[in-house]
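The block underneath contains the structure these notes are about, expressed in structure tokens.
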Amino acid sequence: MTRHFLNLADAGGNAVAAMLGDALDRKAARKGWAKGRVDADAPLAGRVLAMIFEKNSTRTRVSFDMAMRQLGGSAMVMEAGGMQLGRGESIADTARVLSRMVDAIMIRTDDHAKIEELAHYATVPVINGLTNQSHPCQIMADLMTILERGLALPGLEVAWLGDGNNVLASLIEAAGMMRFNLRVGGPAAYAPDMEFVERALALGAAITITTDAAQAAAGAQVVVTDCWVSMGQTGGEAKRTALHPYQVDEALMSRTAPGAIFLHCLPAHRGEEVTDTVIDGTQSAVWDEAENRLHAQKSILRWALGQL
Ligand code: CP
Ligand code: NVA
């Protein structure tokens, strides 16, 4: 079976745990090394990753490229608009052709149905680099950052403030899989994807959805937010007004547990979903989180290619 990574459920809890352990070990093993130096075991030597972007990216693009370099392989980046895909070649035919030439495909697309179709026709692993529905690679880096800070996942108190978006969908999925408690604070009009919530609840997760920001943040060990208007979304001003009460500021952080950490997938819109004082403050783990995209991605690639 080809190992696609469209959502965390494609791997399952045991594989997610194995990837996180591998990512932490590999990060420690190359501490202080030059960033472009290949890992001692070069586990993906000779392997090539193709990346397709339909939307902008800094972290996903650079972290996958550096991940392949550090694993001893290589990567190519294609903007969807510059491919024949951009002028009507089908996703199925694109999948068939790329599967003959590269070892894995990562795609960032505006429509989750497209990545499902790509995975259906590809005979090499397809990895979700963000869709309108979910962002599982981001949450792997977030889980890694939480573990690195000495926090255990089962029973962890996590708060999400803001929009019920793609990043939150993957965080909800992780809550079910890794058994942490999640309180979502946001306006009812921008609630999370209920299919993800129901699946996580069925796995035994404790998920609370509230319109009360203070209630969501109370006692949290980890506070997570993201932009209020995701790429490709419209209706910005009304949404920003509705989400303003869920801004993560010092007052909100004062309600959290002692030693709580702040996460944000970035890019941040300072002064909207988070204040400068929080993102630049002592509780912020966002730069470790961004770096961990690289380390987590390496383990996702190793899993997808059957090495974990
Ligand atoms: N967090 C994240 O996916 O960042 P990019 O959009 O820069 O890839
Ligand atoms: N929710 C954001 C995440 C960006 C990394 C978006 O989809 O634009």
Side-chain angles (χ1 to χ4, degrees), residues 5-8 23 49-68 75-80 105-115 127-146 160-174 184-187 189-193 196 222-236 239-240 242-243 246-248 262-270 272-274 279 284-301:
F5 191 72
L6 307 194
N7 278 311
L8 298 175
L49 172 72
M51 292 190 264
I52 304 172
F53 286 95
E54 285 189 341
K55 291 175 168 179
N56 297 57
S57 169
T58 297
R59 280 143 289 268
T60 303
R61 179 183 307 239
V62 176
S63 58
F64 267 109
D65 190 329
M66 289 304 297
M68 287 305 291
M76 67 183 73
V77 175
M78 294 172 289
E79 306 300 333
I105 304 166
M106 189 238 65
I107 183 166
R108 169 168 285 196
T109 175
D110 55 11
D111 181 357
H112 197 81
K114 290 186 192 170
I115 197 173
I127 297 171
N128 179 356
L130 181 146
T131 69
N132 57 319
Q133 183 195 81
S134 58
H135 198 2
C137 291
Q138 179 65 53
I139 294 306
M140 291 297 289
D142 290 16
L143 298 181
M144 180 181 172
T145 307
I146 290 166
W160 171 277
L161 276 301
D163 187 27
N165 68 13
N166 45 4
V167 176
L168 175 58
S170 293
L171 185 64
I172 290 169
E173 202 181 18
V184 177
Y190 301 107
D193 184 331
F196 277 77
V222 179
V223 175
V224 196
T225 190
D226 184 16
C227 63
W228 288 340
V229 183
S230 286
M231 290 181 279
Q233 290 184 342
T234 52
K239 199 171 177 190
R240 282 188 182 89
L243 281 157
Y246 304 91
Q247 182 186 66
V248 180
F262 171 74
L263 298 178
H264 189 312
C265 64
L266 306 176
H269 300 71
R270 290 161 176 262
E272 291 192 12
E273 73 272 8
V274 62
I279 197 167
S284 174
V286 301
W287 313 120
D288 287 342
E289 179 187 9
E291 179 188 334
N292 286 338
R293 289 296 304 279
L294 162 61
H295 304 291
Q297 240 96 270
K298 289 167 72 175
S299 301
I300 294 166
L301 286 160

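Model, not experiment: these values are computed from the prediction. Start at 1 and go down the list; that is how both ligands and their atoms are numbered.
- Few gaps surround CG on Asp111; more than 12 heavy atoms of other groups in view lie less than 6.0 Å from it.
- Around ligand 1, the residues contributing at least one heavy atom under 4.0 Å from the ligand are Ser57, Thr58, Arg59, Thr60, Arg108, His135, Gln138, Cys265, Leu266, Arg293.
- The backbone of Leu266, and not its side chain, has at least one atom closer than 4.0 Å to an atom of ligand 2 (non-hydrogen atoms only; backbone = N, CA, C, O).
- By the 3.5 Å distance cut-off applied to N or O atoms, His135 is not counted among the residues near ligand 2.
- Judged purely by atom type and a 3.5 angstrom limit, Glu173 uses its side chain to pair as donor or acceptor with the backbone of Leu8.
- Here the CD atom belonging to Glu273 is positioned 7.5 Å from the CD1 atom belonging to Ile279, to the nearest 0.5 angstrom.
- The protein heavy atom nearest to atom 3 (C) of ligand 2 is Asp226 OD2, 3.5 Å.
- When the salt bridge (Lys or Arg N to Asp or Glu O under 4.0 Å) test is applied to Arg61, the partners found at least two apart in sequence or on another chain are Glu79.
- Protein heavy atom closest to atom 8 (O) of ligand 2, with residue, atom name and distance, is Met231 N, 2.8 Å.
- The structure places CG of Leu130 at 10.0 Å from CG of Asp110, a figure rounded to the nearest 0.5 Å.
- Nearest protein neighbour of atom 7 (O) of ligand 2, counting heavy atoms only, is Asn166 ND2, 2.8 Å.
- Of all protein heavy atoms, the one closest to atom 4 (C) of ligand 2 is Leu130 CD1, 3.8 Å.
- Between the CD atom in Gln297 and the CG atom in Asn292 there is a gap of 10.5 Å [rounded to 0.5 Å].
- Not one N or O on the side chain of Ser134 forms a donor-acceptor pair closer than 3.5 Å with the backbone of Ser170.
- Proximity of Cys227 to ligand 2, defined as any heavy-atom pair under 4.0 Å, is confined to the side chain (atoms from C-beta onward).
- Rounding to the nearest 0.5 Å gives a distance of 7.0 Å between OG of Ser57 and CE of Met231.
- Between Asn166 and His112 the shortest side-chain heavy-atom distance does not fall below 4.5 Å.
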